[in-house]
**Q** 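Here you go, one structure.
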Amino acid sequence: MSNRRNFVTRSGFAGGLVSLMAGAVLLAFSGMALAQTISDGCIDCHADNYNDWKVSGHPYKLMKADIAQNRPIPLPSGYDWDDISYVIGGYKWKSRYMDLDGYIITNDDSAEGGNTQYNMLTGKWSDYHADEANGTKPYDCGRCHTTNWVANPDPTDLSGNQDGMAGIWGTFDQGGIQCIQCHGEDHPGMIDTSAEACGECHIRGDADTIPASGGFIRHHEQYNEHLAGAHGSTECVMCHNPHKKSEWSIKETAQCGVSCHSAIGESYAMTSMADYGVECKDCHMPYATKSAKALGPHQGDLQTHIFYIDTDPTANMFTEDGSFVVLDDNGKAKVTMDFACQRCHETASLDELALYAKGFHNPDKTLADIGLDPGLSGTWWNPAKSGEGFLLEVDQNRFLYASFYTYGPDGEQTWLVAALESSAGITANVKVYIPSGGTWGDPSGADTGIEWGIGTFTFPTCTSGNVSLTPNAAMMGMGYTAVMYDLERILPSGIACPTFVNNEMAAAMK
Ligand code: HEC
Ligand code: HEC
Ligand code: HEC
Ligand code: HEC
Ligand code: HEC
Ligand code: HEC
Ligand code: HEC
């Protein structure tokens, strides 16, 4: 008998069944019921699916302690493996533990209690029903976590509980989502590709609601999200190979910007965000959903399947009491920009993000839709006026500062400097100063507050602009006159335009 078969025996199957299975492997063909229900029996003929499935989350959902202890799963304080019957989860987000009677452990041995849910992404413990005493929280979750679950209508009748354990209110053949849970026991297995089939477990409450709590969508409701989302009329398996772990499961035929949305894919590929590796799913499937612990103010730990983005900065994703996602008249939902954008652009306001988000993929979108942008910073001139020009700086708060290197009426080199007074769209109104009084190596005597006049910059695009400067009466008296002319960029921008960045984030992603 191979090691693999021994492994199966250890996972709780009678030795006799295992040897029977060796025969079944050779005999099982069309029209015959498989004499066994163990997924390991499928490997001989469906090795690819088996090997994919084996490292995905489905088989691990409910593990006996003797299997679980071989995985990197810590125990609540005061417990060792001899006190544990099963571990729930522990694959990706969190693990919970069942005592020897099958009850879910709700308190550890510390003075404050609780601390019975291990959160894998943060490495920290949190409370799971800490208000309930140990030995009172039954395991009635098997419908979605096990194979062939039969709920016990009267859990006090222990004969309907797994191995007669008081805390497990039903029976099952195996923990985890084995092949036959989806394919049935007759062979060749039935195949149900509908989203409803996945929705038997990836659901919470009524499918036409999206339950929420604590500022996040709740977990195991991908079907609810999906129905209210942009792909609600499609199957889950349009995108997912259901045998594979989610990260590896997206089919070659379901690459968003290639297979289905190629025009958007092509234009998005030209943005600097794409260069930085920001993918479609980073905005369209943000972490608005939470299983174990939030990873940030705008980051749960599960990617939502809503896909639509709400570009209204005043929108609230949740109902007033926070217990559901708002749906429109067609039952559709949208994720708000706090999740879609602020996870990365922490310091950008929703109003500012909205300027960029509205019509995000419109290739004709210009600065006129956005206004003064840091990407305008750089060196500008009019080639017909070679010898003078502007150094411009627009910061993240859209404050503009400009220096004009030019000549005075007397023919001497002169610098004028301009600072933003007010702006409207792509127009910046500035006040202009003419510093004077310093000398070479010692600017301390300079008066920087001498007013020269006023001016206006406009930037219809990232590479073209216009400037007008009007001297005040005193400066006119000295021979200055009003000027107005077109500008263009001398050097290409060092940063993308339009742009605004959280530099820390940008650096981290480089
Ligand atoms: C001895 C080899 C063998 C074993 C063991 C076996 N299968 Fe199959 N399976 C086949 C063959 C051959 C076909 C295709 C023949 C057919 O469609 O009738 C098939 C077809 C299927 C199909 C349908 C595929 C389709 O395209 O319609 C499913 C689902 C399936 N098997 C699941 C399983 C599962 C689950 C197990 C384990 C419980 C299993 N098989 C064990 C050989 C095997
Ligand atoms: C979560 C449900 C689920 C589980 C668990 C599952 N399958 Fe499948 N399987 C499906 C669905 C749905 C399809 C159809 C996929 C598609 O159309 O892309 C499928 C397709 C198949 C097929 C036919 C197509 C192909 O990929 O060859 C075979 C064979 C198969 N599964 C075998 C298995 C075996 C063996 C296991 C266990 C190792 C298994 N499945 C576990 C849902 C499941
Ligand atoms: C019988 C219940 C059940 C059904 C049916 C089911 N799932 Fe799951 N699924 C689960 C559970 C439970 C988990 C969590 C497993 C874990 O983390 O240990 C899960 C996890 C997943 C994951 C994330 C874990 C990973 O492997 O990366 C994906 C993706 C997934 N399911 C896709 C699907 C798809 C697609 C279908 C339909 C073809 C489907 N599931 C049908 C119960 C189910
Ligand atoms: C309606 C089906 C369903 C029910 C009922 C259900 N779960 Fe789950 N559970 C899932 C699915 C699907 C996932 C994985 C997808 C997700 O979290 O979004 C999951 C994930 C989990 C995880 C995290 C798995 C991991 O590997 O990180 C734990 C722990 C868990 N459930 C515990 C429970 C407990 C305890 C109960 C009963 C009190 C329960 N669940 C009831 C469907 C269900
Ligand atoms: C339009 C494509 C698409 C459809 C349809 C779709 N998914 Fe997904 N799903 C994805 C992508 C992309 C990911 C992220 C994979 C990754 O982590 O790289 C994902 C991730 C997941 C995850 C893991 C989430 C996480 O953050 O780890 C689960 C569970 C899941 N999908 C279940 C489902 C279920 C169930 C359905 C149907 C009700 C479904 N998906 C429909 C594209 C899709
Ligand atoms: C996964 C992280 C991430 C998310 C989510 C994200 N961004 Fe970005 N974004 C970046 C990074 C990194 C840069 C830096 C690129 C650069 O230096 O130009 C950037 C740059 C930008 C730029 C300027 C770059 C360009 O393409 O010209 C705009 C505009 C922008 N983000 C808007 C948004 C909006 C609006 C959202 C939400 C709908 C969003 N971003 C969501 C990471 C993200
Ligand atoms: C930086 C965030 C971000 C990234 C990355 C992103 N999108 Fe979008 N996308 C948006 C926003 C915001 C909207 C909503 C625009 C509106 O409502 O005016 C949108 C809208 C859409 C739409 C609806 C139709 C339309 O043109 O408005 C589709 C389809 C779409 N995106 C597909 C994609 C694909 C495919 C990718 C990857 C190639 C992608 N998106 C990458 C932010 C992003």
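Counting convention: from 1, in listed order, for ligands and their atoms alike. As a basis for the values below, the full set of heavy atoms in this structure was taken, side chains included, without hydrogen atoms, waters or symmetry mates.
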**Q** Under the salt bridge (charged side-chain N to carboxylate O under 4.0 Å, His left out) rule, collect the residues that match up with Arg489, sequence neighbours excluded.
**A** none

**Q** Tell me whether Asp282 is salt-bridged to Arg343, with the criterion being a basic N under 4.0 Å from an acidic carboxylate O.
**A** yes

**Q** Could you give all pairs that pass the ring pair (Phe, Tyr, Trp, His ring centres under 6.0 Å) test and reach residues 287-307, with sequence neighbours left out?
**A**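 Sorted pair list: His231-Phe307.
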
**Q** Strictly under 2.8 Å, is atom 8 (Fe) of ligand 1 approached by any N, O or S atom of His187?
**A** yes

**Q** Which part of Lys358 is near ligand 7, with near meaning a heavy atom under 4.0 Å away: side chain, backbone, both or neither?
**A**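 Backbone only.
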
**Q** Considering only N or O atoms, set out every pair between ligand 5 and the protein closer than 3.5 Å, with distances to one decimal place.
**A**
{"from": "ligand 5", "atom 1": "7 (N)", "to": "His240", "atom 2": "NE2", "distance (Å)": "2.8"}
{"from": "ligand 5", "atom 1": "7 (N)", "to": "His305", "atom 2": "NE2", "distance (Å)": "3.0"}
{"from": "ligand 5", "atom 1": "9 (N)", "to": "His240", "atom 2": "NE2", "distance (Å)": "2.7"}
{"from": "ligand 5", "atom 1": "9 (N)", "to": "His305", "atom 2": "NE2", "distance (Å)": "2.9"}
{"from": "ligand 5", "atom 1": "17 (O)", "to": "Gln303", "atom 2": "NE2", "distance (Å)": "3.1"}
{"from": "ligand 5", "atom 1": "18 (O)", "to": "Lys281", "atom 2": "NZ", "distance (Å)": "2.9"}
{"from": "ligand 5", "atom 1": "26 (O)", "to": "Gln303", "atom 2": "N", "distance (Å)": "2.8"}
{"from": "ligand 5", "atom 1": "26 (O)", "to": "Gln303", "atom 2": "NE2", "distance (Å)": "3.0"}
{"from": "ligand 5", "atom 1": "27 (O)", "to": "Lys92", "atom 2": "NZ", "distance (Å)": "2.8"}
{"from": "ligand 5", "atom 1": "31 (N)", "to": "His240", "atom 2": "NE2", "distance (Å)": "2.8"}
{"from": "ligand 5", "atom 1": "31 (N)", "to": "His305", "atom 2": "NE2", "distance (Å)": "2.8"}
{"from": "ligand 5", "atom 1": "40 (N)", "to": "His240", "atom 2": "NE2", "distance (Å)": "2.8"}
{"from": "ligand 5", "atom 1": "40 (N)", "to": "His305", "atom 2": "NE2", "distance (Å)": "2.8"}

**Q** Which ligand 7 atoms, with their elements, are less than 4.0 angstrom from a heavy-atom of Met273?
**A** 1 (C)

**Q** Is Asp282 near ligand 7, meaning one of its heavy atoms is under 4.0 Å from it?
**A** no

**Q** Below 4.0 angstrom from a heavy atom of Gly359, which ligand 7 atoms are there? Numbered from 1 as shown, please.
**A**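 Contacts of ligand 7 toward Gly359, numbered from 1: 15 (C), 16 (C), 18 (O).
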
**Q** Judging by distance only, is a nitrogen or oxygen of Ser39 under 3.5 angstrom from one on ligand 1?
**A** no

**Q** Kindly confirm whether atom 8 (Fe) of ligand 7 is within less than 2.8 Å of some N/O/S atom in His261?
**A** no

**Q** When you compare the side chains of Tyr268 and His261, does any donor N or O come within less than 3.5 Å of an acceptor on the partner?
**A**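 Side chains of Tyr268 and His261: no pair found under 3.5 Å.
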
**Q** When you compare the side chains of Lys94 and Ser126, does any donor N or O come within less than 3.5 Å of an acceptor on the partner?
**A** no

**Q** For ligand 7, which atoms, with element, lie under 4.0 Å from some heavy atom of Ile309?
**A**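 So the answer, numbered in order with elements, is 10 (C), 11 (C), 12 (C), 42 (C).
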
**Q** Got Tyr223 and Arg204 here, is their nearest side-chain heavy-atom distance under 4.5 Å?
**A**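 No, every pair of side-chain atoms sits at 4.5 Å or beyond.
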
**Q** Heavy-atom contacts under 4.0 Å between Asp44 and ligand 1: side chain, backbone, both, or neither?
**A**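 Contact part for Asp44 vs ligand 1: neither.
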
**Q** Is Thr311 close to ligand 7, meaning an N/O of one under 3.5 Å from an N/O of the other?
**A**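 For ligand 7, there is no N or O atom that lies under 3.5 Å from one belonging to Thr311.
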
**Q** Taking backbone and side chain together, does Cys42 place any N/O/S atom at a distance below 2.8 Å from atom 8 (Fe) of ligand 1?
**A**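 No, Cys42 does not qualify, because none of its backbone or side-chain N, O or S atoms lies under 2.8 Å.
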
**Q** Looking just at side-chain N and O atoms, do Ser95 and Tyr97 make a donor-acceptor pair shorter than 3.5 Å?
**A**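 Yes, side-chain donor-acceptor contact under 3.5 Å.
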
**Q** Taking 4.0 angstrom as the limit and counting only heavy atoms of Gly265, give me the atoms of ligand 7 inside it, by number and element.
**A**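 Taking each heavy atom of Gly265 in turn, ligand 7 has 38 (C) under 4.0 Å.
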
**Q** Could you label the plane-to-plane angle of the His361 and His284 rings as parallel, tilted or perpendicular, counting under 30° as parallel and over 60° as perpendicular?
**A** parallel

**Q** Mind checking what makes ring-ring contact (aromatic ring centres under 6.0 Å, His included) contact with Phe216, not counting sequence neighbours?
**A** Phe339

**Q** What is the name of the N/O/S atom in His46 that sits closest to atom 8 (Fe) of ligand 1?
**A** NE2

